Student: 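Okay, handing you the structure first.
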Amino acid sequence: MPELPEVETIRRSLQTLIGRRCKNLWLSDLAPVETTRPLQLRQRLEGRTVAAIERRGKYLLLTVDGGASLVIHLGMSGRLLFRQKPESPHAKHTHMVITFEDQGELSLTDARRFSTFSLADDPSGRGNLFLQRLGPDALDPSLTPEQFCERARRHPGLSLKNLLLNQSVIAGLGNIYACEALYTAALSPKRRVRRTNTAELQGLFRAIGIILQRGIQHGGTTLRDYIDGRGNRGKMKDFLQVYGRDGMTTLDGRGRVKRIVQTQRSTWFSPEVQR
DNA sequence: GCGATCCTGGCC
DNA sequence: GGCCAGGATCGC
């Protein structure tokens with residue numbers, strides 16, 4: 001579900017966790033299969049104070065004093081919610097709950113169980129199987145257009161759509177923002193990297209930055225499930241040019257929107273605008 | 001590279 | 001009942 005702007009919005013909404021001490025970490029029996037070593041997760045987090053909440057691509061890192069981080073990926077349908085005074089019982093499909101010493105609690109619910117939780121020992125993320133596969137964050141201020149091109153060129157056979165979805169090239173884009181960035185760059189999602197010149201790739205890189213920042217500004221995109229850590233919906237849906245608009249015009253009226261399927265996933269684009 | 005797979009739920 | 005869904009991995 002959540003892509004970079006949603007995860008960033010969640011991160012910002014959970015700043016209240018900083019300075020709180022973890023009392024207990026609970027995982028359900030159905031906690032996602034990729035979850036590694038629940039006992040070790042508990043040992044490294046319980047009794048520790050949250051020092052920072054960071055984001056890398058679509059991953060959230062909850063770092064505690066002592067340096068260990070809980071690394072969370074929300075998959076398609078994961079939600080993180082903080083409640084200071086939990087009054088109602090846990091929602092259906094709750095798979096992780098961290099209770100804090102002052103009674104606040106952070107819970108993760110995920111109907112489809114594509115979420116993952118794991119541990120990183122070292123703030124760099126080296127040694128964490130999930131983080132070590134990631135390319136640079138799509139909004140990393142030190143990432144240059146030249147570096148993006150260089151990384152893209154390693155995958156000449158990929159379509160531009162699949163390039164953007166590949167988290168080892170740059171991390172953070174998902175289906176919505178990949179479609180939107182390609183529209184902004186006026187590039188066809190079907191175009192192969194090898195047929196895309198350097199100016200076009202650099203234009204795509206700029207479009208990615210614009211689209212992701214806009215997503216963050218609006219608090220992310222709520223299609224159905226997404227809410228931030230305080231329960232707020234995102235408003236970016238009202239600004240999407242192509243995503244989900246099969247058979248309609250683009251939001252700005254510059255062309256018609258067509259839906260195609262690439263590698264089992266829907267892509268929306270405007271053939272009149274995107275070449 | 002591409003297709004199949006992991007899951008549940010919502011909608012037609 | 002069938003199709004679709006904001007993701008990622010694995011095997012060919």
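Quick caveat: nothing in here was measured; it's all calculated off a predicted structure. Lettering follows sequence order; numbering is per chain, from 1.
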Student: Between Ser77(A) and dG9(B), does any side-chain N or O lie under 4.0 Å from OP1 or OP2?
Tutor: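 No, outside the criterion.
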Student: Nearest whole angstrom, please: distance from the P of dA8(C) to the CG of Asp110(A).
Tutor: 13 Å
Student: Under 3.5 Å, is there an N or O donor on one side and an acceptor on the other linking the side chain of Arg112(A) and the base of dC7(B)?
Tutor: yes
Student: So does Arg133(A) get a side-chain nitrogen or oxygen closer than 4.0 Å to the phosphate oxygens (OP1/OP2) of dC10(C)?
Tutor: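 Answer yes for this pair, as a side-chain N or O of Arg133(A) is under 4.0 Å from OP1 or OP2.
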Student: Report yes if a side-chain nitrogen or oxygen of Lys92(A) is closer than 4.0 Å to either non-bridging phosphate oxygen (OP1 or OP2) of dG9(B); otherwise report no.
Tutor: yes
Student: Nearest 0.5 Å, what's the CZ-CG distance between Phe117(A) and Leu41(A)?
Tutor: 9.0 Å
Student: Considering only heavy atoms from C-beta outward, does the side chain of Leu160(A) approach that of Glu200(A) to under 4.5 Å?
Tutor: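 They are not in side-chain contact.
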Student: Short of 4.0 Å, heavy atom to strand atom, which residues of residues 151-161 of chain A count as contacting DNA chain B?
Tutor: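 DNA chain B contact set from residues 151-161 of chain A: Gly157(A), Leu158(A).
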Student: Grab the CG-P distance between Asp246(A) and dC3(C) for me, whole Å please.
Tutor: 17 Å
Student: Supply the atom-to-atom distance Glu8(A) CD to Ile10(A) CD1, rounded to the nearest 0.5 angstrom.
Tutor: 10.0 Å
Student: Looking at every strand, decide which applies to Lys237(A) at a 4.0 Å heavy-atom threshold: base, sugar-phosphate, or nothing.
Tutor: nothing
Student: For the CD atom on Glu101(A), are there more than 12 heavy atoms of other groups (residues, nucleotides or ligands in this structure) within a distance under 6.0 Å?
Tutor: yes
Student: Would you kindly give the CZ-to-C1' distance between Arg194(A) and dG1(B), to the nearest whole Å?
Tutor: 11 Å
Student: Measure the spacing between OH of Tyr243(A) and NZ of Lys237(A) and express it to the nearest 0.5 Å.
Tutor: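 Answer for the OH-NZ pair, Tyr243(A) versus Lys237(A), is 10.0 Å.
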Student: How far, in whole Å, is dG3(B) from dC4(C) if one measures between their P atoms?
Tutor: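 About 15 Å, rounded to a whole number of Å.
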Student: Is the phosphate of dG6(C) approached by Tyr243(A) (side-chain N or O, under 4.0 Å from OP1 or OP2)?
Tutor: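 So the side-chain polar atoms of Tyr243(A) do come within 4.0 Å of the phosphate oxygens OP1 or OP2 of dG6(C), strictly under.
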Student: Output yes when at least one side-chain N/O atom of Lys58(A) is less than 4.0 Å from OP1 or OP2 of dG6(C), else no.
Tutor: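 Checking dG6(C) against Lys58(A), no side-chain N or O comes under 4.0 Å of OP1 or OP2.
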Student: Determine whether Val242(A) and Leu182(A) make a side-chain contact, defined as any pair of heavy atoms from C-beta on separated by less than 4.5 Å.
Tutor: no
Student: Could you give the CE-to-P distance, from Met76(A) to dC4(C), as a whole number of Å?
Tutor: 13 Å
Student: Roughly how many Å apart are dA4(B) and dC3(C), using the P atom of each and rounding to a whole number?
Tutor: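 One P to the other, the span is 14 Å.
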Student: Side chain of Arg192(A), heavy atoms from C-beta onward: which of dC2(B), dA8(C), dA5(C) has the nearest atom to it?
Tutor: dC2(B)
Student: Would you kindly confirm whether Phe239(A) and Trp268(A) end up in one hydrophobic cluster when ILVMFWY residues are joined by side chain heavy atoms under 4.5 Å apart?
Tutor: yes
Student: Which is true for Gln264(A) with a 4.0 Å heavy-atom rule: it touches a base, it touches only sugar-phosphate, or it touches nothing?
Tutor: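 The answer is base, as Gln264(A) lies within the cut-off (heavy atoms under 4.0 Å) of a base atom.
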Student: Quick check, does Phe114(A) stack with dA8(C)? I mean ring centres under 5.5 Å and planes off by under 30°.
Tutor: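 A stacking contact does not exist, since Phe114(A) is not both close and nearly parallel to the base ring of dA8(C).
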Student: How long is the line joining CZ of Arg265(A) and P of dG6(C), in whole Å?
Tutor: 5 Å
Student: Under 4.0 Å between a side-chain N/O of Arg113(A) and OP1 or OP2 of dT8(B), yes or no?
Tutor: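 Result: yes.
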Student: Would you give the length of the straight line joining atom OG1 of Thr222(A) to atom NZ of Lys235(A), rounded to the nearest 0.5 angstrom?
Tutor: 8.0 Å
Student: How many Å lie between CG on Leu173(A) and C1' on dG6(C), as a whole number?
Tutor: 12 Å
Student: Run through Leu62(A), Asn24(A), Leu80(A) and flag the one making a side chain to side chain contact (heavy atoms under 4.5 Å, CB included) with Ile98(A).
Tutor: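 Passing option: Leu62(A).
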Student: CG of Asn162(A) versus P of dC2(B): gap in Å, rounded?
Tutor: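 One finds 7 Å between P of dC2(B) and CG of Asn162(A), rounded.
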Student: dC6(B) C1' sits how many Å from His93(A) NE2, rounded?
Tutor: 15 Å
Student: Could you provide the dot-bracket string of DNA chain C, using ( ) for intrastrand pairs, [ ] for crossing pairs and | for bases paired to another strand, with Watson-Crick or G-U pairs below 3.5 Å?
Tutor: |||||.||||||
Student: Quick one: which of Leu164(A), Thr184(A), Thr221(A) gives a side chain to side chain contact (heavy atoms under 4.5 Å, CB included) with Tyr177(A)?
Tutor: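 That would be Thr221(A); it is the only one of Leu164(A), Thr184(A), Thr221(A) passing the side chain to side chain contact (heavy atoms under 4.5 Å, CB included) with Tyr177(A).
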Student: Nearest 0.5 Å please: distance from the CZ atom of Arg151(A) over to the CG atom of Leu163(A).
Tutor: 10.5 Å
Student: Just to be sure I understand the rule, does Leu223(A) reach a base, reach only the sugar-phosphate, or reach nothing, if contact means heavy atoms closer than 4.0 Å?
Tutor: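 Base contact.
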